[in-house]
Asker: 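Mind having a look at this structure? Questions to follow.
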Amino acid sequence: MRWSSALIPTLKEVPAEAEIASHKLMIKAGLIRKVASGLYNFLPLGFKIYYKIENIIREEMDKAGALEILMPIMTPAELWHETGRWNLYGKELMRLKDRADREFALGPTHEEVVTDLARTEIKSYRDMPKNFYQIRNKFRDEIRPRFGVMRSREFVMKDAYSFDRNEPCAEESYKKMFEAYIKIFSRCGLNFRAVEADSGNIGGSFSHEFMALAASGEDTLINCPACGYAADREKAEGASPFCGNEKEVLKPLEKVSTPGQHTVEQVTGFLNKKASELVKTLLYMADGKPVAALVKGDDELHEIKLHRFLGVTELVMMTAQQVEEFSKAPVGFAGPVGLTGMKIFADNAVSKLRNFVTGANEKDMHYANANFDRDFKINKFLDLRVPKEGDLCVKCGSALVSLKGIVVGHTYKLGTKYSKSMKAEFLDEDGKRKLMVMGCYGIGLARVIAAAIEQGNDASGIIWPMAISPYQVIITALNYKDEKIKLFADSIYEEFKAKGVEVIIDDRDMSAGFKFKDAELIGIPVRITVGNKTVNEGLFEIKLRKTGEEFAVKREELFSKVKEIVQRELVK
RNA sequence: CGGGGCGUAGCGUAGGUGGCUAGCGCGCCUGCUUUGGGAGCAGGAGGUCCCCAGUUCAAAUCUGGGCGCCCCGACCA
């Protein structure tokens, strides 16, 4: 590619809308432009990266035996009614009508469509295993699109769906995808972790998230550096190292005035206590019945754990009205003392506390020196808290660390959730009709790009991993109007192109500094400078973007040297 | 959806207590000179000051309504 005929609109100043590094740099380097909130144009350079990631994914998916298909983005409401998700999926599901008033949804994911395909085309156990995948647009009317392409409304996703005759085969398919994912993200040059995750509203029995580590990530993962245990914070297990003050003598219960102090910070600040000396009371409605959960002031309630323990279908926090109704006090003053009409569950760490602060179920009042058994009864102590950095690993006992990550891929073992509701059956070897066992596997392409930039950037711009860089080599021809320089630059450009190196030549009539800055901004791994030194001494300067390493080589050695660098940097 | 902020040329912004032709930097166009780290000089183009209504002799500026965008939160008491 000749830069002069490309469209790479680099910017000196970034539009005020961008916050995080990847978003800013994608705009600055001329990769994307915004069309509307959560909707982006990918410009030629940005799309080239897309394409490269797409090809890596395609290669690894095909190698793993998956079959590429193409499904429509507009999907009929009937299919969504079959699984009940027409109602269960919230406003994220973009609904629309055609001219005949028939209802459709823009596909946010394609379980329904692909299951419909499978149930009509797969009839025998001989037809399985099958894994269908596609790489194309999804639409989710996100509650709040943000961070550029990291959370956009329309985005390209690789989604794959496996169909198997039974559980063991389905697990085999899952394992294949898991391994393919590790290859894909490794080849893309990402620093990532595969973590245990919650399956959310896609459903299913177990699931892994592939998180690219980045400080700006929207998700938190808990990782054990000793044994490698890694899980999404929403799902993670961890033992609290909290010792408590079990030995303290019980002091008399005392009602204290805390006017206008609602939050843990306010109350503990006002009473000059530590957050760990307070017990907070979270009020929920579990399938319509009230329930209270107690956790230490500096801990967070793990809703999924409570949900799982209660075994109910719906667990929602009480509304402000419900809080008033059941606790007889405005939000912020609920407490277990005198709380009636509901069961009270407490986190294990609470059992180690004496003389703690808690709400008094009365406006502007709290209790000090509250103690369970004496002042109120707890139905059961159990693990109810979200693990934190410093907790002990439940597998090996070492201290856990907490890391931020960007979810670039997610795999789910779905089981028969969709095949059951959509009657996706086949005839097995024993002559019986059985449900297909499914799995589904997604990758967000734009997130891979954003994550790569979050992990690879400096003050000058992007630093691409070789495998997804839009070009492997940039030839910076200084003063291209000079006939001699032009001759040298064009000759190596043509040679590289002919020999299969992905190369762009900066042939614009720009000052040297300008071209150097642009080359660094768009992050091409290898830069070759053609200037006076080339004309006078026959030397071509190579500079590596990642390390800043610089050296000059003669014409005869140039190609083999560059080829060697490119090969070395491509992770296989 | 709740809270906060912003909306002036392609981008970044000044002006805001009403008053001359809406200013500056970057970018863009023309010419000349330059060409190893975002070149210099000269000339030039480009604006429904987000939209609508109101107040006024007069609105980018004041008032009301709307729209768009960004950030935080979305029942974690």
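Computed from heavy atoms alone, side chains included, the values below leave out hydrogens, waters and symmetry copies. Just so it is clear: chains get the letters A, B, ... in the order the sequence lines come, proteins before strands, and each one is counted from 1.
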Asker: Given that both distances must come in under 3.5 Å, which nucleotide forms a Watson-Crick or G-U wobble pair with B:C1?
Answerer: B:G73
Asker: Can you check the A:Ile143 CD1 to B:C75 P distance for me, whole Å?
Answerer: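 Taking atom P of B:C75 as the reference, CD1 of A:Ile143 is at 9 Å.
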Asker: Do A:Arg151 and A:Glu218 have side-chain heavy atoms sitting under 4.5 Å apart?
Answerer: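 Yes, at least one pair of side-chain atoms sits under 4.5 Å.
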Asker: For A:Ala18, answer base if it contacts any base atom (sugar-phosphate contacts may also be present), sugar-phosphate if it contacts only those atoms, and nothing otherwise; contact means non-hydrogen atoms under 4.0 Å.
Answerer: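 It contacts nothing in the nucleic acid.
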Asker: By the 4.0 Å heavy-atom rule, please label A:Tyr284 as base, sugar-phosphate, or nothing.
Answerer: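 Touches nothing.
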Asker: Any base atoms under 4.0 Å from A:Thr281, or only sugar-phosphate, or nothing? Heavy atoms, all strands.
Answerer: base
Asker: Between B:A77, B:C76, B:G25, which one does the side chain of A:Glu300 approach most closely?
Answerer: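 Among the listed nucleotides, the one closest to the side chain of A:Glu300 is B:C76.
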Asker: Please check if the side chain of A:Tyr367 supplies one atom and the backbone of A:Phe356 the other of a donor-acceptor pair under 3.5 Å.
Answerer: no
Asker: Using atom P of each nucleotide, how far apart are B:A9 and B:G15 to the nearest Å?
Answerer: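 To the nearest whole Å, 15 Å.
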Asker: Mind checking whether A:Phe376 and A:Phe372 have parallel, tilted or perpendicular rings, split at 30° and 60°?
Answerer: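 It falls in the perpendicular class, over 60°.
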Asker: What's A:Val295 touching, base or sugar-phosphate or nothing? Going by heavy atoms closer than 4.0 Å.
Answerer: nothing
Asker: Calculate the interatomic distance between A:Leu294 atom CG and B:A77 atom C1'; express it in whole Å.
Answerer: 13 Å
Asker: Using purine N1 to pyrimidine N3 plus N6-O4 or O6-N4 for Watson-Crick, or N1-O2 and O6-N3 for G-U wobble, both under 3.5 Å, which nucleotide pairs with B:G25?
Answerer: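 B:G25 is paired with B:C11.
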Asker: Using whole Å, report how far CG of A:Asp458 lies from P of B:G37.
Answerer: 19 Å
Asker: Which nucleotide in the list B:G37, B:G38, B:C76 gets nearest to the side chain of A:Arg527?
Answerer: B:G37
Asker: Would a 4.5 Å heavy-atom cut-off, applied to side chains only, mark A:Tyr480 and A:Val530 as touching?
Answerer: no
Asker: Considering only side-chain heavy atoms of A:Asp509, which listed nucleotide, B:U35, B:G36, B:A74, is closest?
Answerer: B:U35
Asker: Tell me which of A:Leu301 and A:Glu550 sits closer to the 5' end of RNA chain B, going by the nucleotide each one is nearest to.
Answerer: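 Per heavy-atom nearest nucleotide, the more 5' residue is A:Glu550.
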Asker: In whole Å, what separates the P atom of B:G73 from that of B:G66?
Answerer: 26 Å
Asker: Quick one: are A:Asp347 and A:Asp299 in side-chain contact, heavy atoms under 4.5 Å?
Answerer: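 A side-chain contact under 4.5 Å exists here.
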Asker: Taking atom P of B:C70 as reference, at what distance in whole Å does atom CD of A:Glu142 sit?
Answerer: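 Whole-Å distance recorded here is 13 Å.
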Asker: Heavy atoms, side chains only, cut-off 4.5 Å: are A:Lys546 and A:Trp464 in contact?
Answerer: no
Asker: Give none if B:G31 has no partner; otherwise give the nucleotide forming a Watson-Crick or G-U wobble pair with it, both distances under 3.5 Å.
Answerer: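 B:G31 is paired, partner B:C41.
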Asker: Here's a test of your reading of the structure: between A:Phe516 and A:Glu17, which maps to the more 5' nucleotide of RNA chain B?
Answerer: A:Phe516
Asker: Identify which nucleotide among B:C72, B:C76, B:G38 has an atom closest to any side-chain atom of A:Phe147, counting heavy atoms from C-beta outward.
Answerer: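 Selected nucleotide: B:C72.
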Asker: Determine the interatomic distance between P on B:C70 and the same-named atom on B:C52; round to the nearest Å.
Answerer: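 Approximately 23 Å lies between the P atom of B:C70 and that of B:C52.
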Asker: Name the pairing partner of B:G54, where a pair is Watson-Crick or G-U wobble with both distances under 3.5 Å, or state none.
Answerer: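 WC or wobble partner is B:C62.
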Asker: What integer number of Å spans the P atoms of B:C71 and B:A39?
Answerer: 32 Å
Asker: Give A:Glu19 one of three labels, base, sugar-phosphate or nothing, depending on what nucleic acid heavy atoms sit under 4.0 Å from its own.
Answerer: sugar-phosphate
Asker: Do A:Ser491 and A:Arg555 pair up side chain to side chain, a donor and an acceptor below 3.5 Å, judged on atom types alone?
Answerer: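 Checked: A:Ser491/A:Arg555 side chains pair up, N/O donor to acceptor below 3.5 Å.
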Asker: Take atom C1' in B:U48 and the same atom in B:G44, then report the distance between them in whole Å.
Answerer: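 Straight-line distance between the two C1' atoms is 24 Å.
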Asker: From the set B:A74, B:G36, B:C69, return the single nucleotide nearest to any side-chain atom of A:Asn532.
Answerer: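 From the listed options, B:G36 comes nearest.
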Asker: Distance check needed: B:G25 P versus A:Glu13 CD, whole Å only.
Answerer: 13 Å
Asker: Out of B:C71, B:C11, B:G38, which has the shortest distance to the side chain of A:Arg144?
Answerer: B:C71
Asker: Counting only side-chain nitrogens and oxygens, does A:Lys515 get under 4.0 Å of the OP1 or OP2 atom of B:G36?
Answerer: no
Asker: Which nucleotide wins on minimum distance to the side chain of A:Lys280, given the candidates B:C69, B:A77, B:C26?
Answerer: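 Nearest to the side chain of A:Lys280 among the choices is B:A77.
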Asker: Could you tell me how far B:G16 sits from B:C75 if I compare only their P atoms? Round to whole Å.
Answerer: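 Between the two P atoms, the distance is 43 Å.
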Asker: In the strands shown, is B:C6 matched to any nucleotide by a Watson-Crick or G-U wobble pair with both distances under 3.5 Å, and which?
Answerer: B:G68
Asker: Distance check needed: B:G37 P versus A:Lys533 NZ, whole Å only.
Answerer: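 So the two atoms are 12 Å apart, to the nearest Å.
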Asker: Between the base of B:G36 and the side chain of A:Asn479, is there a donor and acceptor pair under 3.5 angstrom?
Answerer: no
Asker: Taking the minimum atom-to-atom distance to the side chain of A:Ser511, which one of B:C72, B:G36, B:G38 wins?
Answerer: B:G38
Asker: Need one value for A:Lys91: base, sugar-phosphate or nothing, where a base atom within 4.0 Å counts as base even if backbone is also close, heavy atoms only.
Answerer: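 Since no nucleic acid heavy atom lies under 4.0 Å of A:Lys91, the category is nothing.
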Asker: Sticking with atom P, work out how far B:G25 lies from B:G19, rounded to a whole angstrom.
Answerer: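 Rounded to whole Å, the distance is 23 Å.
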Asker: Please pick, from B:C70, B:G36, B:G27, the nucleotide with the shortest atom-to-atom distance to any side-chain atom of A:Lys34.
Answerer: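 Out of B:C70, B:G36, B:G27, the nucleotide with an atom closest to A:Lys34's side chain is B:C70.
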Asker: What is the distance, to the nearest angstrom, from the CD1 atom on A:Ile27 to the P atom on B:G27?
Answerer: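 After rounding, the reported distance stands at 19 Å.
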Asker: Using a distance-only test with no angle check, is there a side-chain donor-acceptor pair under 3.5 angstrom linking A:His410 and A:Ser207?
Answerer: yes
Asker: Going by distance alone, is a donor N or O of one side chain under 3.5 Å from an acceptor N or O of the other, for A:Asp518 and A:Thr10?
Answerer: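 A pair is found: one side chain offers a donor N or O, the other an acceptor, under 3.5 Å apart.
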Asker: Could you check which of B:G73, B:A77, B:G12 has an atom nearest any side-chain atom of A:Arg146?
Answerer: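 Looking only at side-chain atoms, A:Arg146 lies closest to B:G73.
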Asker: In whole Å, I'd like the distance from the CD atom of A:Glu362 to the C1' atom of B:A77.
Answerer: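 It works out to 17 Å between those atoms.
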Asker: What's A:Asp482 touching, base or sugar-phosphate or nothing? Going by heavy atoms closer than 4.0 Å.
Answerer: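 A:Asp482: no heavy atom of the nucleic acid under 4.0 Å.
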Asker: In whole angstrom, give me the gap between the P atoms of B:C20 and B:C62.
Answerer: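 Pairwise P distance, B:C20 against B:C62, rounds to 15 Å.
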